[in-house]
Amino acid sequence: MTWALVFLALIMALVIGYLLSQTINRQPWLADDPLENRPSGMPQSILPSKLGLGVLLAVITSMFGLFFSAYVQRMELADWSRVQEPSVLWINTVVLVLASIAMNQALRGARRDDVRATRRALIAAGVLSFAFLVGQLVAWGQLRDAGFYMRGNPAAAFFYLLTAIHGIHLVGGLWVWARTSNRLRGVDKVGEFRLSVELCTVYWHFLLLVWLFLFALLLNT
Amino acid sequence: MAYVAIADRDDPHAMHHPKSFVTRYIWSQDHKVIAIQYSLIAIAVGLVALVLSGMMRLQLGFPDTFSFIDPADYYQFITMHGMIMVIYLLTALLLGGFGNYLIPLMVGARDMVFPYMNMLSVWVYLLAVIVLMASFFVPGGPTGAGWTLYPPQAILEGTPGASWGIILMLVSLAIFIVAFTMGGLNYVTTVLQARCRGMTLMRMPLSVWGIFMATVLGLLAFPALFVSAVMMTLDSLIGTSFFMPAIVSLGETESYDGGSPILFQHLFWFFGHPEVYIVALPAFGIVSDLLSTHARKNIFGYRMMVWAILAIGGLSFVVWAHHMYVSGMNPYFGFFFATTTLIIAVPTAIKVYNWVLTLWRGDIHLTVPMLFSIGFIFTFVHGGLTGLFLGNVVVDVPLSDTYFVVGHFHMVMGVSPILVIFGAIYHWFPKITGRMYNDSMGKLHFWLTLLGTYSIYLPMHYLGILGVPRRYFAMGTTDFIPDSAQAMNAGITVSAIIVAVVQIVFIVNMAWSVFKGKKSGGNPWRATTLEWQTPQTPPEHGNWGEKLPVVYRWAYDYSVPGAKEDFIPQNEPPEAGVIAGREHGVEHS
């Protein structure tokens, strides 16, 4: 549980620190006219959807943190035996990194308001992400052929479970990706879709980070 | 395009106003309609849980009398009663119901910032409830594992509902967590981004503070329940051994090996303890506003109240293992968690002092919401003090799994939040419906509920000290439990049935008043907060008409010396050159 605690302590420290900075040294009982002097402590200029995504990522981080700490705690028990990770995972990792880079390219295209470049990069990112998912399924197959099932070996069970949870989150991202790329068809300005591309990019980078962390954890235990 | 803060956008036509009955009342994206949908579903499922507790009490009060209750039924009643009350009633009603209704109105927003997701949230919540209720109709019935669902027994044969019931329970919880996350994203983002002009964080009513912090806790803690639900589902369906140790069950060796039931307990309580505050913090916030409004006095120590909410929120993540003193964990852990438990009592006690000091020399109006709020102070102090007993390892170990614990947690997180919920429903009923409830029926409801619940839970503490164990279908004969304990159990059952029946008064009062109550006007309590200043009552879609409100002051300007009336609404500009409080040299807070 220590891992999860450290995570949550960090998030809580951020939240409480922000709130304290907004509440300390205020005299709430004093009235004044906000139209004359704009009071500090008003909402920052962040788009609600960006903040919303940030909160969602905090929730997902909390979930993965708890999965990881359950993993570490379960690992300390007597019956733990290591799993040989399938080598295809290395290729998958490269593919996911490429997907993230492509997403970044899409974002740069969107910032230049270049619809063609945005669409091309976006589609590349999606295809690479699908390739990653297929690669994960191949890894499952390899692991199964090596005789590791969910039953009987807790390390293998965690392997299937954690990769599945990560994959499901990627599938969720791909759903938003599909909607965004679909809407970008036949428009000649990125305009309002820039925000969608931006949110997708953040989400993809986040899932890449989670994967790198997860992969490192799997390799080392 | 430049970003225009929500508070600076005035145009109500940007919202899509619903046209048909279906989009207005069923697939509605209006936070007020969603709040009512949430509340009605929660209250309906809560009534099911109330009936279940009545059945349990019948068995306990008069054993060997009711042939339709066998031990398996009894365990199923316990489990479903606990889980429904904590998650599907209290969490859903306080956050989904009051959170949805109050946040946009109190911070001066037109709606939640993601209305579509808000609508999804309530329908996914309904799905979770349907899945849970479905478990009453599957082979084997609902799970009887106890609301904590501890493995290994939760999924082993011999426990009621070990095949279908437990799976439906876990799936329903996972769905609930998805629903809660969709709602929670809205509550947090709305509070942070959609406050109207002048509504600084330190001018928010404490109700919003409580709901906001509880949502943050929920967003970070519910994943722990999700993780444990997923892993237990796999243990049950696929036969993994995340939580399941090697075990011989009913004479047969199970295929499980090496899992850790304690791991589940850690994950469960890592969610479970913050859950207590997910329920308590909104209640704390709401009761602060009710006390201040009906005592016509500013809340004592507003800033301290806010910081106490923050402190409780932070600390609630480091006390979880005080639920596990008897689980066999390292005794030094127990020492650590006993210490943090005592520390969290400090901000909680500050809140209680401040409530009492708010009443001190106030102009107390004994309205129905006020009665419920004062009742809450009693039950909460009571439950909080017994919490200090149980927080200490040496006192907890002998009292563990006795009725003392049952009495304690029902007092602190059963009765107390429910009293606040009743108070809040009576308080905001005129705003929600535009009509007043029947005052005498409300007072009757209050007195019978308060005295009734006291006569249920106070004796339970005594039973616990005698050593009467909880969760038992029947006590049988023992050397240490006197016969009089049975008489007391019968008395508790009679009180419980009376309290349950009294709730009919509440439901009839509400149902009748919605249609026939006296028109209440927009601000019957002469309250300062924004929701009472809406142009229409009940507020229409978009809440504020053409212009968003502008806030000039905090929510607690009651009985300001020199003011024309004994309250100044938050959106009333200061008179030229006069700044409330300062001019008269009045010391607040």
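A note on names: the letters A, B, ... follow the listed sequences, proteins ahead of strands, and every chain is numbered from 1.
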Worksheet item: Between A:R74 and B:L263, is there a donor-acceptor pair closer than 3.5 Å when you use the side chain of the first and the backbone of the second?
Response: no
Discussion item. I'd like to know which of A:D79, A:T23, A:V55, A:L51 tops the heavy-atom pair count under 4.5 Å against chain B.
Written reply: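 Winner by heavy-atom pair count: A:T23.
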Worksheet item: When heavy-atom pairs shorter than 4.5 Å are enumerated against chain B, which of A:I16, A:N153, A:V15 gives the highest number?
Response: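 That would be A:I16.
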Roughly how far, to the nearest 0.5 Å, is [atom2] of [Y] from [atom1] of [X]?
{"X": "A:Y160", "Y": "B:I238", "atom1": "OH", "atom2": "CD1", "value": "10.5 Å"}
{"X": "A:M150", "Y": "B:F242", "atom1": "CE", "atom2": "CZ", "value": "5.0 Å"}
{"X": "B:L217", "Y": "A:M12", "atom1": "CG", "atom2": "CE", "value": "5.5 Å"}
{"X": "B:W307", "Y": "A:I24", "atom1": "CH2", "atom2": "CD1", "value": "5.0 Å"}

Checking heavy atoms, do the side chain of [X], its backbone, both or neither come under 4.5 Å from chain A?
{"X": "B:F270", "answer": "side chain"}
{"X": "B:V227", "answer": "both"}
{"X": "B:F226", "answer": "side chain"}
{"X": "B:Y187", "answer": "neither"}
{"X": "B:T181", "answer": "side chain"}
{"X": "B:V230", "answer": "side chain"}
{"X": "B:F114", "answer": "side chain"}
{"X": "B:I262", "answer": "neither"}
{"X": "B:M213", "answer": "side chain"}

Fill in: Contacts of residues 196-218 of chain A with chain B (heavy atom under 4.5 Å)
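The stretch does not come within 4.5 Å of chain B.
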Worksheet entry | residues 167-182 of chain A: residues contacting chain B (heavy atom under 4.5 Å, by number) | none
Discussion item. Check this for me: B:F333, atom CZ, are more than 12 non-hydrogen atoms of other residues, nucleotides or ligands nearer than 6.0 Å?
Written reply: no
Item to complete: Answer yes or no: does atom CG of A:N25 have more than 12 heavy-atom neighbours from other residues, nucleotides or ligands under 6.0 Å?
Response: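 For A:N25, atom CG is not crowded (no more than 12 foreign heavy atoms under 6.0 Å).
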I need the minimum non-hydrogen distance between [X] and [Y], along with the two atoms involved.
{"X": "A:A70", "Y": "B:L267", "value": "CB-CD1, 4.2 Å"}
{"X": "A:P28", "Y": "B:W554", "value": "O-CB, 3.2 Å"}
{"X": "B:R203", "Y": "A:L30", "value": "NH2-O, 3.4 Å"}
{"X": "A:R26", "Y": "B:R303", "value": "O-NH1, 2.9 Å"}
{"X": "A:I46", "Y": "B:Q193", "value": "O-OE1, 3.0 Å"}
{"X": "B:L185", "Y": "A:G52", "value": "CD2-O, 3.5 Å"}

Discussion item. Which residue is it: A:I60, A:L8, A:L66? I am looking for the one with a side chain to side chain contact (heavy atoms under 4.5 Å, CB included) to B:P223.
Written reply: A:L66
So, do [X] and [Y] sit near enough that their side-chain heavy atoms are less than 4.5 Å apart?
{"X": "A:P34", "Y": "B:Y552", "result": "yes"}
{"X": "A:L19", "Y": "B:W209", "result": "yes"}
{"X": "B:S255", "Y": "A:R151", "result": "yes"}

Which bit of [X] is near chain B, if near means a heavy-atom gap under 4.5 Å: side chain, backbone, both or neither?
{"X": "A:F7", "result": "neither"}
{"X": "A:A157", "result": "both"}
{"X": "A:S49", "result": "both"}

Discussion item. Walk me through whether B:F222 and A:S62 qualify under side chain to side chain contact (heavy atoms under 4.5 Å, CB included).
Written reply: CA-CA 9 Å; B:F222 268 115; A:S62 168; over 6 Å; no
Counting heavy-atom pairs closer than 4.5 Å to chain A, which one of [options] comes out on top?
{"options": "B:L234, B:V318, B:D235, B:V216", "answer": "B:L234"}
{"options": "B:A246, B:G259, B:G313", "answer": "B:G259"}
{"options": "B:Y256, B:F243, B:W320", "answer": "B:W320"}

Worksheet item: Would B:V560 and A:W29 satisfy side chain to side chain contact (heavy atoms under 4.5 Å, CB included), going step by step from the backbone distance to the final call?
Response: CA-CA 11 Å; B:V560 177; A:W29 52 88; over 6 Å; no
Item to complete: Show your working on side chain to side chain contact (heavy atoms under 4.5 Å, CB included) between B:T240 and A:F158 and close with a plain yes or no.
Response: CA-CA 9 Å; B:T240 52; A:F158 265 113; over 6 Å; no
Worksheet item: Would B:T200 and A:Q22 count as a side chain to side chain contact (heavy atoms under 4.5 Å, CB included) if you check the C-alpha gap in whole Å, the side-chain angles of each, and the deciding distance to 0.1 Å?
Response: CA-CA 8 Å; B:T200 60; A:Q22 298 290 309; over 6 Å; no
